[in-house]
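To keep things clear, I will list the structure first and then write my remarks on it.
These numbers were taken from a predicted model, which means no experiment stands behind them. Along the sequence shown, the residues carry numbers beginning at 1.
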Amino acid sequence: MTESATRRRRGGQGGESRSAGHLFDRELDHLPPEARWREWMNRVEAVIFAASEPVGRETLARIVGKSCSIDLLIDDIREELRGRPYDLVTVAGGWKHLTRPAYADAIRTAVGANERAVDLTQFEVLVLMCIAYFQPITRGELSSFFGKEISRDLIGRLRGAGFIDSGPRSPTPGAPYTYVTTKVFLLQFGLDTLRDLPDFEALEDAGLLSKEKLLAGDIPVGHSDADGDVDPGRE
């Protein structure tokens, strides 16, 4: 093959590649409005279904027209999923298909436990809750809250599960590390953002938590290391 032919072939391949990138029609102006909307719905649902992590708004905007409302598309998809064993949920800053909790037992019976689910003791859940509400927070501050040392092993377990990560250094003497929750924490607990955490006042009104007792370290921990585990994840 001559050099000129090689250049033409390479140029052709590059041109074809560039053209292929422009072949994807986001606007779909050639379709009637109802058919265009249906195609956008199908694209959005397909992308979310295929993704292993929550899909954000910016990603979905790449596959639909400029005038398309992502929120209205999601609403219509959710409406069609009514009565189905799975739903499209807002979690960890994006959207994800999740099976409904009512079918968790059937799924576990058929295929076993979710490999990503992590069993936490009651005390570990309490520590994780404190990190979520008071982050960034140091291990020493956590220990003072609970009136007992929070071990490095416990922190390591929460980090190993992906629920927490290191935050900024504390301005206190010694500049200890602080800890913050992660996107995995949001995903496992079904939260879109930390703003979705239960309101502290609502928890106090329900008698489930006292901020004053928490800050004073007056938390019952006598049964906190019990064998009973808590599975925060959904199937």
Side-chain angles (χ1 to χ4, degrees), residues 52-54 89 91-94 96 98-99 101 104-105 107-108 112-235:
S52 59
E53 298 293 335
V89 301
V91 63
K96 184 175 177 62
L98 290 178
T99 53
D105 289 342
I107 293 171
R108 279 192 288 267
N114 186 345
E115 292 181 357
R116 293 179 299 173
V118 178
D119 290 333
L120 299 180
T121 66
Q122 182 184 10
F123 187 57
E124 287 170 339
V125 171
L126 283 173
V127 172
L128 185 56
M129 178 187 68
C130 287
I131 295 174
Y133 278 106
F134 297 108
Q135 60 187 304
I137 186 171
T138 67
R139 188 168 66 91
E141 289 170 330
L142 286 169
S143 298
S144 67
F145 282 172
F146 288 94
K148 59 180 289 186
E149 182 181 6
I150 302 302
S151 69
R152 288 186 173 86
D153 287 342
L154 190 155
I155 294 296
R157 176 169 163 78
L158 295 179
R159 289 193 63 165
F163 292 141
I164 65 172
D165 202 351
S166 296
R169 293 272 193 168
S170 171
T172 57
Y177 281 108
T178 62
Y179 298 100
V180 296
T181 54
T182 65
K183 185 177 180 179
V184 173
F185 166 80
L186 296 175
L187 179 60
Q188 288 292 332
F189 284 85
L191 303 173
D192 186 20
T193 71
L194 291 173
R195 291 190 296 271
D196 296 325
L197 284 168
D199 184 78
F200 235 109
E201 292 183 1
L203 293 176
E204 288 183 308
D205 292 342
L208 298 176
L209 185 65
S210 169
K211 185 175 182 179
E212 291 183 359
K213 290 184 178 180
L214 180 64
L215 294 174
D218 186 13
I219 297 178
V221 295
H223 61 284
S224 61
D225 292 314
D227 291 334
D229 292 333
V230 178
D231 179 4
R234 293 179 68 182
E235 297 293 335

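Using a 4.5 Å heavy-atom cutoff, the side chains of L197 and L191 are in contact. Counting heavy atoms from C-beta outward, I150 and F145 have side chains that stay 4.5 Å or more apart. Using a 4.5 Å heavy-atom cutoff, the side chains of L158 and Y179 are not in contact.
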Practice prompt. Take L186 and T181, measure what side-chain contact (heavy atoms from CB on, under 4.5 Å) needs, and give me the verdict at the end.
Written response: CA-CA 8 Å; L186 296 175; T181 54; 5.8 Å; no
Practice prompt. Before giving the answer on side-chain contact (heavy atoms from CB on, under 4.5 Å), spell out for L126 and F146 the whole-Å C-alpha distance, their side-chain angles and the decisive distance to 0.1 Å.
Written response: CA-CA 9 Å; L126 283 173; F146 288 94; 3.9 Å; yes
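Among residue pairs with one or both ends in residues 126-142, those qualifying as salt bridge (charged side-chain N to carboxylate O under 4.0 Å, His left out) are R139-E149; sequence neighbours excluded.
Every residue was checked against the side chain to side chain contact (heavy atoms under 4.5 Å, CB included) condition with P173, not counting sequence neighbours, and none meets it. Remark: R169 engages A175, Y177 in a side chain to side chain contact (heavy atoms under 4.5 Å, CB included) (not counting sequence neighbours). Partners of S170 under the side chain to side chain contact (heavy atoms under 4.5 Å, CB included) rule, at least two apart in sequence or in another chain, are T138, T172, P176, T178. Looking at residues two or more places apart in sequence or on another chain, you find a side chain to side chain contact (heavy atoms under 4.5 Å, CB included) between V184 and F163, T182, Q188. Here S143 pairs with nothing under the side-chain hydrogen bond (donor to acceptor under 3.5 Å, both in side chains) rule; sequence neighbours left out. Not counting sequence neighbours, D196 has no partner by the salt bridge (Lys or Arg N to Asp or Glu O under 4.0 Å) test. Checked against side-chain hydrogen bond (donor to acceptor under 3.5 Å, both in side chains), D192 has no partners two or more places apart in sequence or in another chain.
The nearest pair of heavy atoms linking C130 to L142 is CB-CD2, 3.8 Å. When every heavy atom of L187 is checked against every heavy atom of V91, the shortest pair comes out as CA-CG2, 3.5 Å. Of all the heavy atoms in P168 and P136, the pair that sits closest is CD-CB, 4.1 Å. What you find for K96 and E53 is that their closest heavy atoms are NZ-N, 4.4 Å.
For the atom pair I164 CD1 and L154 CG, the distance stands at 8.0 Å (nearest 0.5 Å). Taken to the nearest 0.5 Å, the CG atom of L128 stands 6.5 Å off from the CG atom of L120.
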